[in-house]
Enquirer: 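Dropping the structure in here first, questions after.
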Amino acid sequence: MYKPVLYHATAVAVYACILVICILAIIYGVRTRAYVKRQRVTALSRGFSPLDVQRIFIGKTFPRKLTRALIVHWAQMGYIRVEYVSRNRVKLVCRKRPPDHAKDTAVFFDRGTYVRERDVFNGVFARHGSAVVVNINKPLIKKEKVKSVNEAYASREDEGVFSSKHYKLKVATFILSFLPFVLSGVYLAITGSFVGLIPPFLIMIGLFVFRFIQEIPFLFRLIWSLGWVAPSIFLMIDAYANTFDPWGLAYASIAILFVGSYILVQFVDHREKNNLADYSDLVNYRKFLLFTSRIKLQEEGIDYYEVLPYLYAFNIKFLVKRKFNRENLPDWFVSPNGERGNLL
């Protein structure tokens, strides 16, 4: 049943939520961009780890997601020698352990990240001594070890990256993204179709599990969540198909639910100013790798294997690797038949 006053009040509330999300994304997106200076960054300091890239960009380090990047980084730092085994398998031979962070020989960008990375390194060789064969498509350390490393170093790891306002803004954006869907369901319930109360409940379960229950394998989590989300969307659209809906509340609430909570929320990013300077350097360095021509890179003598850890960390290797000279194998890579595999 169509109730004009209630419908238009709901529509105003739904589009007000959408407007607020867009305004937050613009304001904080512009703030972040303001600190990304237009300057040319052609290299990162020695000891700058792929984990530092993760921490500065997202505030957390996930060593299980950087197997290839860490292998190449450790090899470039002289910690390991890499021996070709097969296309996706290499043998890591420990040449020396990363020194304690308090020693003068320790080279790093961020002490906390370095200490964590050192524990990951020691964990790789803990059971197998000085050599271990690994699959470059799989995590370097097992979940049990990751858990202990996370418990030791993940607590407040984002200090110095985000301000106290950051998570409040993120939570507010998530709520505003979900609220239009709830309001649309409540309108249906009030006007006589109690099915409107079901979709918000179902979709909340599906999205919560997909986003926050990381212990479940990704593919299973995705399929399981879709089993809750897809029916929720169908029920909402079907219910509004039988209702006079000139403002398109069903489609608007579904669109902002996903666009707001997965895309626009990324722009609502309130970092500390010091971190924004580091963030600016990484953004400009990534632009340098992406947009500098092959000829310019060769003229400046940019070594492919020096930048390879960051190509992996930025996830741009497949876009730019052809711009580098990759004919010679690095000194730390041993391959009797000259086979490269997927690591290089």
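Bear in mind that the values here come from a model prediction, so they are computed numbers and not experimental data. Note that the numbering runs from 1 along the sequence shown for the chain.
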Enquirer: At their closest point, which heavy atom of Ala106 faces which heavy atom of Tyr114, and how far apart are they?
Expert: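 Heavy atoms of Ala106 and Tyr114 come nearest at CB-OH, 3.9 Å.
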Enquirer: Any idea which heavy atoms bring Gln39 and Ser280 closest together, and the distance?
Expert: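 Looks like NE2-OG, 4.4 Å.
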Enquirer: Let me confirm one number: the OG-CD distance from Ser335 to Glu83, rounded to the nearest 0.5 Å.
Expert: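 Ser335 OG to Glu83 CD: 10.0 Å, rounded to 0.5 Å.
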Enquirer: Compare all side-chain heavy atoms of Lys96 with those of Tyr79 and state whether any distance is below 4.5 angstrom.
Expert: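 A side-chain contact under 4.5 Å exists here.
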Enquirer: Using the six-membered ring wherever Trp is involved, compare the ring planes of Phe288 and Tyr285 and label them parallel, tilted or perpendicular (cut-offs 30° and 60°).
Expert: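 It falls in the parallel class, under 30°.
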Enquirer: How close do Arg81 and Val334 get, counting heavy atoms only, and between which atoms?
Expert: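 Closest pair (atom of Arg81, atom of Val334, distance): CD-CG2, 3.5 Å.
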Enquirer: Does Trp247 offer a backbone N or O that forms a donor-acceptor pair with the side chain of Tyr7 under 3.5 Å?
Expert: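 It does hold such a pair.
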Enquirer: Mind checking whether Val72 and Leu343 have side chains closer than 4.5 Å, heavy atoms only?
Expert: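 The answer is yes, as the side chains (C-beta and beyond) meet within the 4.5 Å cut-off.
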Enquirer: Quick one: closest heavy-atom pair of Pro180 and Ile256, and the distance?
Expert: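 Closest heavy-atom pair between Pro180 and Ile256: CG-CG2, 3.8 Å.
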Enquirer: Quick check: Phe109 with Phe48 (ring centres under 6.0 Å apart)?
Expert: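 Yes, they do, as the ring centres are separated by less than 6.0 Å.
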Enquirer: Please test Val82 against Lys91 for side chain to side chain contact (heavy atoms under 4.5 Å, CB included), starting from the C-alpha separation and ending with a verdict.
Expert: CA-CA 6 Å; Val82 182; Lys91 182 179 181 180; over 6 Å; no
Enquirer: Let me see the working for Arg97 and Phe125 under side chain to side chain contact (heavy atoms under 4.5 Å, CB included), right down to the final yes or no.
Expert: CA-CA 10 Å; Arg97 302 268 176 167; Phe125 294 99; 3.8 Å; yes
Enquirer: Mind checking whether Leu308 and Leu311 have side chains closer than 4.5 Å, heavy atoms only?
Expert: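 Yes, at least one pair of side-chain atoms sits under 4.5 Å.
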Enquirer: Where is the tightest heavy-atom contact between Gly47 and Asp52, given as atom of each residue plus distance?
Expert: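 Scanning both residues, the minimum pair turns out to be O-OD2, 4.0 Å.
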Enquirer: In Å, rounded to the nearest 0.5 Å, how long is the span from CZ of Arg286 to OH of Tyr310?
Expert: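 Nearest 0.5 Å value for the CZ-OH distance: 16.0 Å.
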Enquirer: Does a salt bridge link Glu300 with Arg40, judged by any charged N lying under 4.0 Å from a carboxylate O?
Expert: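 The answer is yes: the pair qualifies as a salt bridge.
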Enquirer: If hydrophobic clusters are built by linking Ile, Leu, Val, Met, Phe, Trp and Tyr wherever their side-chain heavy atoms come under 4.5 Å apart, do Leu297 and Ile316 end up in the same one?
Expert: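 Shared cluster, yes.
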Enquirer: Is there a path of hydrophobic side-chain contacts, each under 4.5 Å between heavy atoms of I/L/V/M/F/W/Y residues, joining Phe258 to Leu24?
Expert: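 Same cluster: Leu24 reaches Phe258 through Ile, Leu, Val, Met, Phe, Trp or Tyr contacts under 4.5 Å.
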Enquirer: Give a yes or no on whether the backbone of Ala69 and the side-chain of His73 come within a donor-acceptor separation of less than 3.5 Å.
Expert: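 Side chain of His73 to backbone of Ala69: no pair is present.
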Enquirer: Report yes if some heavy atom in the side chain of Phe181 is under 4.5 Å from a heavy atom in the side chain of Ile254; otherwise report no.
Expert: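 Heavy-atom side-chain distance check passes, below 4.5 Å.
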Enquirer: Does a sphere of radius 6.0 Å around CZ in Arg111 hold more than 12 heavy atoms from other residues, nucleotides or ligands, not counting ones at 6.0 Å or beyond?
Expert: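 Not buried by this count: 12 neighbours or fewer within 6.0 Å.
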Enquirer: Give a yes or no answer on whether the side chain of Lys287 reaches the backbone of Val41 with a donor-acceptor pair at less than 3.5 Å.
Expert: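 Such a contact is absent between Lys287 side chain and Val41 backbone.
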Enquirer: Does any non-hydrogen side-chain atom of Leu282 lie less than 4.5 Å from one of Asn284?
Expert: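 A side-chain contact under 4.5 Å is absent here.
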Enquirer: Working to the nearest 0.5 angstrom, can you tell me the gap between Asp245 CG and Tyr251 OH?
Expert: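 The OH atom of Tyr251 is 8.5 Å from CG of Asp245, to the nearest 0.5 Å.
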Enquirer: Quick check: do Thr113 and Phe108 have side-chain heavy atoms less than 4.5 Å from each other?
Expert: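 No, too far: nothing below the 4.5 Å cut-off.
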Enquirer: Taking the side chain as every heavy atom from C-beta outward, state whether Ser177 and Ile21 have any atom pair closer than 4.5 Å.
Expert: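 When only atoms from C-beta onward are counted, Ile21 and Ser177 do touch, with a gap below 4.5 Å.
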Enquirer: Test side chain to side chain contact (heavy atoms under 4.5 Å, CB included) on Phe57 and Phe314 and set out the steps.
Expert: CA-CA 10 Å; Phe57 267 111; Phe314 290 129; 3.3 Å; yes
Enquirer: Mind checking the CZ-CG spacing from Arg87 to Asn135? Nearest 0.5 Å is all I need.
Expert: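 Rounded to the nearest 0.5 Å, the CZ-CG separation comes out at 12.5 Å.
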Enquirer: Take atom CH2 in Trp228; do more than 12 heavy atoms of anything else shown fall under 6.0 Å from it?
Expert: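 No.
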Enquirer: Count I, L, V, M, F, W, Y as connected when their side-chain heavy atoms are under 4.5 Å apart, and connections chain through other members. Are Leu6 and Leu249 then in the same cluster?
Expert: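 Linked within one cluster.
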Enquirer: Any side-chain heavy atom of Phe121 sitting closer than 4.5 Å to one from Leu70?
Expert: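 No, side chains not in contact.
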Enquirer: Would a single hydrophobic cluster contain both Leu264 and Tyr262, if residues Ile, Leu, Val, Met, Phe, Trp and Tyr are joined by side-chain heavy-atom contacts under 4.5 Å?
Expert: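 Yes; tracing contacts between hydrophobic side chains, which count when under 4.5 Å, links both residues.
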Enquirer: Hydrophobic clusters here meaning ILVMFWY residues chained together by side-chain heavy-atom distances under 4.5 Å, can you tell me if Tyr279 and Leu290 are in one?
Expert: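 Same cluster: Tyr279 reaches Leu290 through Ile, Leu, Val, Met, Phe, Trp or Tyr contacts under 4.5 Å.
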Enquirer: How are the rings of Tyr304 and Phe324 set to each other: parallel, tilted or perpendicular (split at 30° and 60°)?
Expert: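 It falls in the tilted class, 30° to 60°.
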Enquirer: Does the Ser253 side chain pair with the main chain of Ala250, one donor and one acceptor, at a distance under 3.5 Å?
Expert: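 Yes, the answer is positive, given that a donor and an acceptor are paired below the 3.5 Å cut-off.
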Enquirer: Start with the C-alpha gap between Arg89 and Ile136, add the side-chain angles, then the distance that decides, and say whether side chain to side chain contact (heavy atoms under 4.5 Å, CB included) holds.
Expert: CA-CA 6 Å; Arg89 295 173 70 83; Ile136 61 175; over 6 Å; no
Enquirer: Looking only at the side chains, is there a donor atom on one of Tyr84 and Asn337 sitting less than 3.5 Å from an acceptor on the other?
Expert: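 No, Asn337 and Tyr84 have no side-chain donor paired with an acceptor closer than 3.5 Å.
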Enquirer: Can you tell me if CG on Asp303 sees more than 12 non-hydrogen neighbours from other groups inside 6.0 Å?
Expert: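 Yes, the 6.0 Å shell around CG holds more than 12 heavy atoms from other groups.
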Enquirer: So which heavy atom on Leu51 is nearest to which on Glu117, and how close?
Expert: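 For Leu51 versus Glu117, the nearest heavy atoms are CD1-CB, 3.7 Å.
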Enquirer: For the side chain of Arg118 and the backbone of Pro98, is there at least one donor-acceptor N/O pair under 3.5 Å apart?
Expert: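 Present.
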Enquirer: For Asn88 and Asn342, test the side chains for any donor-to-acceptor distance below 3.5 angstrom and give the result as yes or no.
Expert: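 Asn342 and Asn88 do have a side-chain donor-acceptor pair below 3.5 Å.
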Enquirer: Would you compute the distance between atom CD of Gln76 and atom CD1 of Ile80 and round it to the nearest 0.5 angstrom?
Expert: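 Separation between the atoms: 10.0 Å.
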Enquirer: I want to know whether Phe174 and Phe178 have ring centres closer than 6.0 Å.
Expert: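 No, they do not, as the ring centres are separated by 6.0 Å or more.
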Enquirer: Quick one: CG on Leu257 to CG on Leu179, what's the gap to the nearest 0.5 Å?
Expert: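 Output value for this atom pair is 11.0 Å.
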